[in-house]
Amino acid sequence: MAPITRRMTFPKVVIERDADSEESSSDEEEEEVEEEEEEEEENGVAKSEDDAEKIEVGLNAKGKGKAPITISLKKVCKVCKKPGHEAGFKGATYIDCPMKPCFLCKMPGHTTMTCPHRVTTEYGVVPAPRRNTRKPFEYVFERQLRPSIPLIKPKYVIPDQVNCAVIRYHSRRVTSLEFHPTKNNILLSGDKKGQVGVWDFEKVHERVVYGNIHSCIVNNMRFNPTNDCMIYSASSDGTISCTDLETGISFSPMNLNPDGWQGPSSWKMLYGMDINSEKGLVLVADNFGFLHLVDTRSNHETSNAILIHKKGSKVVGLHCNPVQPDLLLSCGNDHFARIWDMRRMESGSSIYNLAHRRVVNSAYFSPISGTKILTTSQDNRLRIWDSIVGNMDSPSREIVHSHDFNRHLTPFKAEWDPKDPSESLAVVGRYISENYNGAALHPIDFIDTSTGQLIAEVMDPNITTISPVNKLHPRDDILASGSSRSLFIWRPKEKSEVVEEKDERKIVICGRADEKKRGRKYGGDDSDDEAFTSKLKKTKSKKRQVEI
DNA sequence: AATAAATGATTCC
DNA sequence: TGGAATCCCTTTAT
């Protein structure tokens, strides 16, 4: 092995193993340890006989004259740097550092393994006991107020099997998804690089990627309510683009960086965006706390920007109420979601301010009545705010759920199922992994927000990456998810039951324009690959697989 | 196969 | 107040 040849040139090295000895580890030591880590590599499991052991390595003949270098080699937790335990993957199961608060619920005293909120692998298990603030008379009250509430919850149809996919469709990770408002089989996808994809997932191979619409992250996309062919997109390049999907030709009704790059302190980015069709407005919000309005007819900014969140903070989400066009919901990095009356939009005039403990990744009105709000916060909690039953001082329910990653991944956003008449089903990707039959997978969770129950966790052994971006189809039982650079379409399993052995899922593996041609994992060339299953299974990641 | 980089909120000084 | 340091389950390319 390489280390041996390398050591030939080194002076005599003395490695000291003293896992049990009490000695504060200094930074310099750790640097050195890296150098000789191979000694322990072979077996991740602690070998107790190695403790307090001194190893001499090196060439005595050549090392003569030079002073031996002594290296202290201790088994140390990579998280807290303390000896006695180790955090990290053991096979497909992650072992937490016990010195840190729970990675899931953030409370001290236990790890995710023993967390009362831990999601188990069985469907429908209540993740945790949690307070129910609603008294019985409130339920009666709710029934009187909203007699349309179905008495019996409909049975949820969960799209839980990958039906088709485009692998490596985008050149960077997927950041936003949108279904076409009328054409049932068209999915729009935006990525971190600014590209926008249009995919006909019924005819799996029909796909287009437009690369010249934005220069960086596509944060949000909306169809023009009066013209199905046109989309608006908001990007971190500071522009809104209006693009004709047929031709790919676009123009920018708004550009907040007309003078180009003047440094990070002045560069404006657009995040939250929504369209108010009643008022003919595109609403966008930037990374400095401001809301901007663009008239959809003139395609020009209508008024001055309004400060709606803490000055200098990112406003990541905007949502217009589906029933009351005057109501606007915003959320952002100042740890608040805020409700506004569009008729009186001025700084500080929000009707309600919904407090969170961390950044609020998303806030959505419930899709049918618009009376409930679902928020996703980086404190690992989903919250439901019910304007009819509860007041807006505190959420009517908090659901602990793992989604707190804030770099490298697109932020997680829990979204309502637009088809659920009871307005309770929500979908959200999960960050933390679970050992599923020896593979560490990150499922996509379906949660009944009225009970906090995990209704379903969907996953596929071929998808080893996290799926932070998820969208439920407005009419069909279809889930679209963006995982890293790939797109997946899920349908209910029962619909594909006929083909149990012969898997008919369609996967298209495509390269990208700027990708270097080199040996490909998935074999073949950039052409489509229908018989994906066998190939994918051969190449699927082994890194977190354990022998069973 | 090992590693670095991309990248963003938060904390600390 | 602002810049630097820090941070637990990533993903990708080299």
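Each chain gets a letter, A, B and so on, in the order the sequences are listed, and its residues count up from 1. Just so we're clear, the structure is a prediction, and the values are computed from it rather than from any experiment.
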Practice problem: Would you indicate which nucleotide in C:dT12, C:dT10, C:dC8 comes nearest to any side-chain atom of A:S484? | Solution: C:dT12
Quiz item: Quick one: on DNA chain B, does A:R173 or A:R357 contact a more 5' nucleotide (nearest heavy atom)?
Solution: A:R173
Exercise. Can you tell me, in whole Å, how much space there is between the P of B:dT7 and that of C:dT14?
Key: 16 Å
Quiz item: Do A:K471 and A:E415 meet the salt-bridge criterion of a basic N to acidic O distance under 4.0 Å?
Solution: yes
Quiz prompt | A:E86/A:K90 ion pair, N-O < 4.0 Å | solution = no
Practice problem: Taking only the side-chain heavy atoms of A:L409 (C-beta and beyond), determine which of C:dC9, B:dT10, C:dT11 contains the nearest atom. | Solution: C:dT11
Quiz item: How close or far is atom P of B:dG8 from atom NZ of A:K314, stated in whole angstroms?
Solution: 6 Å
Practice problem: Give a yes or no on whether a salt bridge exists between A:K268 and A:D286, defined as a side-chain N under 4.0 angstrom from a carboxylate O. | Solution: no
Quiz item: Would you find a donor on one side and an acceptor on the other, under 3.5 Å apart, between the side chain of A:S235 and the backbone of A:D237?
Solution: yes
Quiz prompt | Minimum-distance nucleotide to A:F405 side chain [options: C:dC8, C:dA13, C:dC9] | solution = C:dC9
Practice problem: May I have the distance from A:Y431 (atom OH) to C:dT11 (atom P), rounded to whole angstrom? | Solution: 9 Å
Exercise. Answer with base, sugar-phosphate or nothing: what part of the nucleic acid does A:D96 contact at a heavy-atom distance below 4.0 Å?
Key: base
Practice problem: Grab the NZ-P distance between A:K193 and C:dT12 for me, whole Å please. | Solution: 15 Å
Quiz prompt | Nucleotide C:dC8, atom C1' - distance to CD of A:E86 in whole Å | solution = 14 Å
Self-check item: Gap in Å between the two P atoms, one belonging to B:dA2 and one to C:dC8, rounded
Solution: 23 Å
Quiz prompt | For atom NZ of A:K310 and atom P of B:dA9, their distance in whole Å | solution = 12 Å
Exercise. Would you classify A:T112 as touching base, sugar-phosphate or nothing, given that sugar-phosphate means primed atoms plus P, OP1 and OP2, and contacts are heavy atoms under 4.0 Å?
Key: base
Quiz prompt | Euclidean distance, atom CZ of residue A:F103 to atom P of C:dT10 [Å, nearest integer] | solution = 8 Å
Quiz item: Separation of A:R407 atom CZ from C:dT12 atom P, in whole Å?
Solution: 17 Å
Quiz item: Under 3.5 Å, is there an N or O donor on one side and an acceptor on the other linking the side chain of A:H408 and the base of C:dT11?
Solution: no
Exercise. Anything under 30° is parallel, anything over 60° is perpendicular, the rest tilted; go ahead and classify A:F201 against A:F179.
Key: perpendicular
Quiz prompt | Length of the CZ-P vector between A:R430 and C:dT10, whole Å | solution = 15 Å
Quiz item: Touch check for A:I432, heavy atoms < 4.0 angstrom, all strands: base, sugar-phosphate only, or nothing?
Solution: base
With 3.5 Å as the limit, what N/O pairs link the protein to nucleotides 11-13 of chain B?
| residue | atom | partner | partner atom | Å |
| --- | --- | --- | --- | --- |
| B:dT11 | OP1 | A:R358 | NH1 | 3.4 |

Quiz item: Where the side chain of A:Y94 is concerned, which of C:dT12, B:dA9, C:dC9 is the nearest nucleotide?
Solution: C:dC9
Quiz item: Can you find a side chain N or O atom of A:K192 that sits less than 4.0 Å from OP1 or OP2 on B:dT7?
Solution: yes
Exercise. Could you tell me how the ring of A:W385 sits relative to the ring of A:H356: parallel (under 30°), tilted (30 to 60°) or perpendicular (over 60°)?
Key: tilted
Quiz item: Of all residues at least two apart in sequence or in a different chain, which pass the side chain to side chain contact (heavy atoms under 4.5 Å, CB included) check with A:A87?
Solution: A:C77, A:V79, A:Y94, A:C97
Quiz item: Is the closest basic N to carboxylate O distance between A:K314 and A:D334 below 4.0 Å?
Solution: no
Quiz item: Within the structure shown, what part of the strands sits under 4.0 Å from A:P101 by heavy-atom distance: base, sugar-phosphate, or nothing?
Solution: base
